[in-house]
> 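Pasting a structure below so you can have a look.
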Amino acid sequence: MYEPNVVGDWQEYEEHAGLRVRVHRLERADPPRGRDDAAEGLTYFRLRVTVENRGDRCFGVHLEDGQIDVRIGPDGESAFLDWRNSQFIEGYDVYPLRRATAVLYAAGPEAALGQVDVQIQLRVDDDWTDRRLWAGGIGLHEATACAPAGAGRESLAHQVSNFLRDQAEEGTA
């Protein structure tokens, strides 16, 4: 059975040697140019999607609206996506040993942000990749200390996500 990536994991594409992608830095935040009126009463958060080229040739990468789906809460309801304030990767050539990052702003009810699933379908050189899923949540460091009994697998995913996020932040500092 296919298991999702934890937020912070790199996913490599076999069909495009050296190309990999990850969803990371899932955190509460306000959009840079103000709140969208359609998100009144919702809590904003942002996430980053980084595409990295570790191969030996250039890849033309597209990651635009419609290629990213964000679901929140235990029922997997769609998050409000603030396309106006988000920054995408639109037809960018990622050369060897280079990266490109998209920043997506979304919003949802505060109670549903403990579980966030992000699905990505990258377009590389006019070819569509398979869809990939990352699972995480806002405030995981708070949830791991007081996870309910029987949530061992979930709390392990939270701990792994926190570890990977800390490692990524140390690597960019």
Side-chain angles (χ1 to χ4, degrees), residues 1-33 44-72 76 78-79 81-108 113 115-141 144 156-173:
M1 183 173 136
Y2 173 74
E3 294 204 14
N5 298 294
V6 175
V7 169
D9 285 351
W10 286 101
Q11 174 64 55
E12 298 195 23
Y13 290 103
E14 294 176 12
E15 63 271 23
H16 302 289
L19 191 67
R20 64 186 196 161
V21 66
R22 77 174 172 163
V23 173
H24 60 111
R25 291 197 185 165
L26 179 59
E27 59 195 358
R28 199 173 269 112
D30 287 327
R33 291 183 294 264
Y44 259 89
F45 62 97
R46 91 174 143 231
L47 57 98
R48 294 174 188 268
V49 180
T50 298
V51 178
E52 181 178 65
N53 185 355
R54 301 186 105 188
D56 56 2
R57 72 174 196 86
C58 178
F59 291 105
V61 176
H62 304 270
L63 186 60
E64 304 167 332
D65 57 338
Q67 294 173 250
I68 302 171
D69 191 18
V70 179
R71 301 287 170 162
I72 56 175
S78 183
L81 299 175
D82 189 347
W83 302 117
R84 180 184 67 192
N85 287 316
S86 296
Q87 302 161 351
F88 299 99
I89 302 170
E90 301 179 35
Y92 190 77
D93 291 333
V94 182
Y95 287 89
L97 303 177
R98 299 287 190 223
R99 292 180 174 176
T101 300
V103 180
L104 183 72
Y105 287 91
L113 298 183
Q115 184 173 343
V116 178
D117 297 326
V118 181
Q119 190 170 350
I120 304 290
Q121 185 174 22
L122 195 63
R123 196 170 85 199
V124 180
D125 294 331
D126 297 325
D127 294 327
W128 292 98
T129 63
D130 291 334
R131 292 183 182 274
R132 301 286 192 224
L133 179 70
W134 281 262
I138 307 291
L140 292 181
H141 58 281
T144 56
L156 178 60
H158 290 251
Q159 292 172 10
V160 169
S161 179
N162 286 336
F163 172 78
L164 293 172
R165 184 181 313 112
D166 291 344
Q167 292 298 312
E169 290 175 0
E170 287 175 14
T172 59

> For residues Tyr13 and Val124, determine if any side-chain heavy atom of one lies less than 4.5 Å from a side-chain heavy atom of the other.
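They are not in side-chain contact.
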> Give a yes or no on whether a salt bridge exists between Arg20 and Asp9, defined as a side-chain N under 4.0 angstrom from a carboxylate O.
no
> So do Val21 and Trp134 actually touch side chain to side chain, heavy atoms under 4.5 Å?
yes
> Let me confirm one number: the CZ-CD distance from Arg98 to Glu52, rounded to the nearest 0.5 Å.
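Answer rounded to 0.5 Å: 11.5 Å.
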> For Asp127, I'd like to know if atom CG has over 12 heavy atoms of other residues, nucleotides or ligands within 6.0 Å.
yes
> Establish, yes or no, whether a centroid distance under 6.0 Å links the rings of Phe88 and Trp83.
yes
> Any side-chain to backbone donor/acceptor pair from Asn5 onto Leu133? Under 3.5 Å, distance only.
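At least one qualifying donor-acceptor pair exists.
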> Just by distance, with hydrogens left out, do Thr50 and His24 show a side-chain donor and acceptor under 3.5 Å apart?
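The answer is yes; a qualifying pair exists.
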> Can you measure from CD (Gln11) to CG (Asp130) and round to the nearest 0.5 angstrom?
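If we round to the nearest 0.5 Å, Gln11:CD and Asp130:CG are 9.5 Å apart.
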> What I'd like to find out is whether the side chain of Val118 reaches to under 4.5 Å of the side chain of Asp69, using heavy atoms alone.
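No - every pair of side-chain heavy atoms lies 4.5 Å or more apart.
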> To check you understand the geometry: which heavy-atom pair defines the closest contact between Tyr105 and Asp30, and what is its length?
CE2-O, 3.6 Å
> Mind checking the CG-OG1 spacing from Leu122 to Thr129? Nearest 0.5 Å is all I need.
5.0 Å
> Look up atom CG in Leu97 and atom CZ in Arg54, then write down how far apart they are to the nearest 0.5 Å.
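Here the interatomic distance stands at 8.0 Å.
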> Does a side-chain heavy-atom distance below 4.5 Å link Arg46 with Val103?
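Arg46 reaches Val103 side chain to side chain.
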> Checking side-chain contact (heavy atoms from CB on, under 4.5 Å) between Arg48 and each of Thr101, Val7, Leu104, which is the one that passes?
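Result: among Thr101, Val7, Leu104, Thr101 is the only option passing the side-chain contact (heavy atoms from CB on, under 4.5 Å) with Arg48.
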> Looking at Pro31 and Asn85, what are the two nearest heavy atoms and their distance?
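Heavy-atom minimum between the residues: CB-ND2, 3.4 Å.
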> Check whether more than 12 heavy atoms from other residues, nucleotides or ligands sit under 6.0 Å from atom CZ of Arg57, and answer yes or no.
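Yes, the 6.0 Å shell around CZ holds more than 12 heavy atoms from other groups.
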> What is the minimum heavy-atom distance between Ala100 and Val94, and which atoms define it?
CB-CG2, 4.0 Å
> Does Ser78 reach the main-chain N or O of Arg71 with its side chain, forming a donor-acceptor pair under 3.5 Å?
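Pair absent, no side-chain N/O of Ser78 close to backbone of Arg71.
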> How far apart are the closest heavy atoms of Val70 and Phe45, and which atoms are they?
CG1-CZ, 4.0 Å
> Are more than 12 heavy atoms from other residues, nucleotides or ligands located less than 6.0 Å from atom CD of Glu15?
yes
> Run the side-chain donor-acceptor check on residues 58-68: report pairs under 3.5 Å with partners two or more places apart or on a different chain.
from, atom 1, to, atom 2, distance (Å)
His62, ND1, Gly91, N, 3.1
His62, ND1, Arg123, NH2, 3.4
His62, NE2, Arg123, NH2, 3.4
Gln67, OE1, Glu64, N, 3.1
Gln67, NE2, His62, O, 3.0
Gln67, NE2, Gln121, O, 2.9

> What's the verdict on side-chain hydrogen bond (donor to acceptor under 3.5 Å, both in side chains) for Tyr95 and Asn53, showing C-alpha distance, side-chain angles and the deciding distance?
CA-CA 6 Å; Tyr95 287 89; Asn53 185 355; over 6 Å; no
> Mind listing the closest non-hydrogen atom pair of Leu81 and Ala106 along with its distance?
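It is CD2-CB, 3.6 Å.
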